[in-house]
Amino acid sequence: MDIRKNIAFFQNQLTTNVCRLVAVSKTHPVEKIKEAYDAGQRIFGENKVQELCAKQPLLPNDIEWHLIGHLQTNKVKQIAPFVSLIHSVDSFKLLEEINKQGKKLNRVIPCLLQVYIANEETKFGLDEEELLALIQSGKIAALDSVKVAGLMGMGTFTDNKEQVRMEFRGLKKLFDKINEMKLPSSVEMKELSMGMSQDYEMAIEEGSTLVRIGTAIFGSR
Ligand SMILES: *Cc1c(COP(=O)(O)O)cnc(C)c1O
């Protein structure tokens, strides 16, 4: 894989859109990440806390690290000092813990709520009802060291492109619906994280603001 070329390709694809690239570097060594960095990429995504914490100190300080994988409450503490965005918040309990750790560090930690949009049993996330209940609850308004900055979703792993398109479209609709509601100050719907190597073009067409691309940049894992 020519990482430099791939980064240039995606940066080019994305210049005309409001969408930004999260380079998903999970399983790839820091040397590869450095290649992407040298090609101008600054946002990187990892899906495991342990791997993220091992790589972060070895790489430049101006990298924006995003956690994109499932997060356990007992691991929030490790990433709280430096993480730029957590894409995968799927419970109030987790949001509360992120708030607690953010408060200790005197920082507001940006988060996305992960929404379950796929037609699969294995994916994490809130369903629409849970999401709306969470956003409208007074509980979320009381959190002042987290910022809910939008939504994240993963499409079904399938060759059926139309199905995935409909899932993305549904998430965008939900995003717009929430944006029309009166929101607590801890919630601001700006980012819509959807789209991976297989389906990013569709995701952009359907309104993504953050695509999470691994394989198409770094090669297969
Ligand atoms: C691994 C991963 C990606 C990137 O997937 P590719 O198919 O390699 O582009 C995106 N999002 C999440 C949550 C991931 O775990």
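When a ligand or atom number is given, it counts from 1 through the structure's own listing order. These numbers were taken from a predicted model, which means no experiment stands behind them.
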J.: In plain terms, say whether Glu162 and Arg165 are close enough for a salt bridge, that is, a side-chain N and a carboxylate O under 4.0 Å apart.
T.: yes

J.: As a test of reading the model: which N/O atoms of the protein lie under 3.5 Å from N/O atoms of ligand 1, and at what distance?
T.:
| residue | atom | partner | partner atom | Å |
| --- | --- | --- | --- | --- |
| ligand 1 | 8 (O) | Thr215 | N | 2.8 |
| ligand 1 | 8 (O) | Thr215 | OG1 | 2.5 |
| ligand 1 | 8 (O) | Arg221 | NH1 | 2.7 |
| ligand 1 | 8 (O) | Arg221 | NH2 | 3.1 |
| ligand 1 | 9 (O) | Ser197 | N | 3.0 |
| ligand 1 | 9 (O) | Ser197 | OG | 2.5 |
| ligand 1 | 9 (O) | Gly214 | N | 2.8 |
| ligand 1 | 11 (N) | Arg212 | NE | 2.9 |
| ligand 1 | 15 (O) | Lys26 | NZ | 2.7 |

J.: So does Val211 get a backbone contact from the side chain of Arg20, meaning a donor-acceptor N/O pair under 3.5 Å?
T.: no

J.: Checking Asp176 now: which residues fulfil side chain to side chain donor-acceptor pair (under 3.5 Å) with it, not counting sequence neighbours?
T.: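 With neighbours one apart ignored, the set is Lys172.
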
J.: Is a donor from one side chain sitting under 3.5 angstrom from an acceptor on the other, for Thr209 and Glu191?
T.: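 Yes, Glu191 and Thr209 have a side-chain donor paired with an acceptor closer than 3.5 Å.
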
J.: Going by ring pair (Phe, Tyr, Trp, His ring centres under 6.0 Å), name the residues that satisfy it together with Phe10, two or more places apart in sequence or in a different chain.
T.: Tyr200

J.: Lys139: what forms a salt bridge (charged side-chain N to carboxylate O under 4.0 Å, His left out) with it, not counting sequence neighbours?
T.: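 Salt bridge (charged side-chain N to carboxylate O under 4.0 Å, His left out) list for Lys139, sorted by chain: empty.
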
